[in-house]
Amino acid sequence: MSVSPRSLALMLVLMCCFLLSPAVPAGAAGPVEVKQGDKCAVCGMFAAKYPHWVAQIVFLDGTYAVFDGPKDLFRYYFNFGKYNPSRAHSDISGIYVTEYYSGRLIDARKAFFVAGSDVYGPMGAELVPVEDERNAKEFLKDHKGKKILRFGEITAGELP
């Protein structure tokens with residue numbers, strides 16, 4: 001079987017495009033910078049006013065929803081039909097929460113959440129995100145928390 005020079009050149013160009021394009025796995029875009037005018041998608045509060053509590057869901061198309069704390073993030077996540085009926089969980093690129101000790105945005109799916117503590121967020125009782133289990137246990141003890149939950153263990157009934 002012979003291949004024409006034109007077909008060979010086209011295949012070579014396509015291979016180069018494929019090999020030179022960056023390989024970005026789903027969800028690799030990371031968190032977005034919350035703008036001053038961004039409002040919590042659940043309660044309407046300006047999320048940037050609460051940098052120690054801000055949380056966000058970033059969608060595959062680059063749009064996002066921000067929240068003034070993890071509690072509202074989970075309310076939104078459990079009820080897309082109410083807050084954003086055009087979206088589904090399959091549209092999500094990443095979910096981020098602000099880690100209590102470092103103040104950094106971390107992957108919510110890897111975080112430990114302390115429920116029932118004496119630390120309150122902008123709207124009262126809150127699920128407090130901590131990056132690792134050791135610190136979560138210490139936080140639980142120091143702040144009279146009730147339990148530690150992982151992302152997949154949180155249900156609508158667990159929300160404060």
Side-chain angles (χ1 to χ4, degrees), residues 21-160:
S21 66
V24 180
V32 297
E33 184 177 337
V34 177
K35 298 172 187 64
Q36 289 300 315
D38 287 343
K39 292 183 178 182
C40 175
V42 170
C43 71
M45 290 174 63
F46 288 103
K49 288 174 103 175
Y50 309 99
H52 298 291
W53 292 100
V54 76
Q56 55 187 249
I57 295 177
V58 180
F59 296 101
L60 293 169
D61 65 3
T63 61
Y64 59 94
V66 297
F67 310 93
D68 60 344
K71 174 174 54 180
D72 278 354
L73 178 146
F74 280 103
R75 283 196 174 111
Y76 181 95
Y77 183 80
F78 294 139
N79 201 349
F80 270 38
K82 176 180 180 181
Y83 297 108
N84 198 344
S86 65
R87 295 290 187 177
H89 290 155
S90 60
D91 296 326
I92 295 173
S93 170
I95 303 173
Y96 304 96
V97 291
T98 304
E99 203 271 339
Y100 181 79
Y101 290 110
S102 70
R104 292 181 302 106
L105 284 167
I106 62 170
D107 185 340
R109 292 176 174 142
K110 295 179 181 174
F112 293 82
F113 294 88
V114 179
S117 77
D118 61 4
V119 173
Y120 293 94
M123 293 190 52
E126 189 60 85
L127 296 169
V128 179
V130 182
E131 190 164 20
D132 62 64
E133 188 173 18
R134 181 181 60 79
N135 284 337
K137 286 178 178 178
E138 184 176 314
F139 181 93
L140 179 89
K141 185 179 90 179
D142 292 347
H143 295 281
K144 303 175 187 83
K146 302 279 187 266
K147 61 179 142 181
I148 298 171
L149 300 162
R150 299 304 304 265
F151 184 90
E153 297 171 327
I154 298 171
T155 64
E158 296 284 352
L159 299 179

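Scope of the values below: all heavy atoms of this structure, side chains included, with no hydrogens, waters or symmetry mates. All values derive from a computational prediction rather than experimental measurement.
The ring-ring contact (aromatic ring centres under 6.0 Å, His included) check on F46 picks up nothing, with sequence neighbours excluded. In this structure, K137 has no side-chain hydrogen bond (donor to acceptor under 3.5 Å, both in side chains) partners at least two apart in sequence or on a different chain. Among residues two or more places apart in sequence or in another chain, the side-chain hydrogen bond (donor to acceptor under 3.5 Å, both in side chains) test is passed with E138 by none.
Considering only heavy atoms from C-beta on, L105 stays 4.5 Å or farther from V97 through its side chain. P129 has its side chain out of reach of F112: every pair of non-hydrogen atoms, C-beta onward, lies at least 4.5 Å apart. The closest side-chain heavy-atom distance from E158 to K147 is below 4.5 Å. Contact of the I95 side chain with the Y77 side chain is registered, since non-hydrogen atoms from C-beta on lie closer than 4.5 Å. L159 places a side-chain heavy atom less than 4.5 Å from the side chain of I154.
With values rounded to the nearest 0.5 angstrom, K146 atom NZ is found 9.0 Å from S117 atom OG. Distance check, rounded to the nearest 0.5 Å: CG of N84 to CG of D91 gives 8.5 Å.
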May I have the list of side-chain donor-acceptor pairs in residues 51-70 shorter than 3.5 Å, sequence neighbours left out?
unit_1, atom_1, unit_2, atom_2, d
Q56, OE1, V32, N, 2.5
Q56, NE2, V32, O, 3.2
D61, OD1, T63, N, 3.0
D61, OD1, T63, OG1, 2.6
D61, OD1, R87, NH2, 3.4
D61, OD2, R87, NH1, 3.4
D61, OD2, R87, NH2, 3.0
T63, OG1, R87, NH2, 2.6
Y64, OH, K35, NZ, 3.1
Y64, OH, D38, OD1, 3.4
Y64, OH, D38, OD2, 2.8

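For residues 111-129, the salt bridge (Lys or Arg N to Asp or Glu O under 4.0 Å) pairs, not counting sequence neighbours, are D118-K144. Annotation: salt bridge (Lys or Arg N to Asp or Glu O under 4.0 Å) contacts involving residues 95-116, sequence neighbours excluded, comprise R104-E131.
Here the closest non-hydrogen pair linking D72 and C43 is OD2-SG, 3.4 Å.
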Evaluate K71 against M123 for side-chain contact (heavy atoms from CB on, under 4.5 Å), listing each step before the verdict.
CA-CA 9 Å; K71 174 174 54 180; M123 293 190 52; 4.2 Å; yes
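For the pair R150 and F113, the NZ or CZ position fails the cation-pi test of under 6.0 Å to the six-membered ring centre and within 45 degrees of the ring normal.
Aromatic ring pairs are classed by plane angle as parallel below 30°, tilted from 30° to 60° and perpendicular above 60°; the pair F74 and F151 is tilted.
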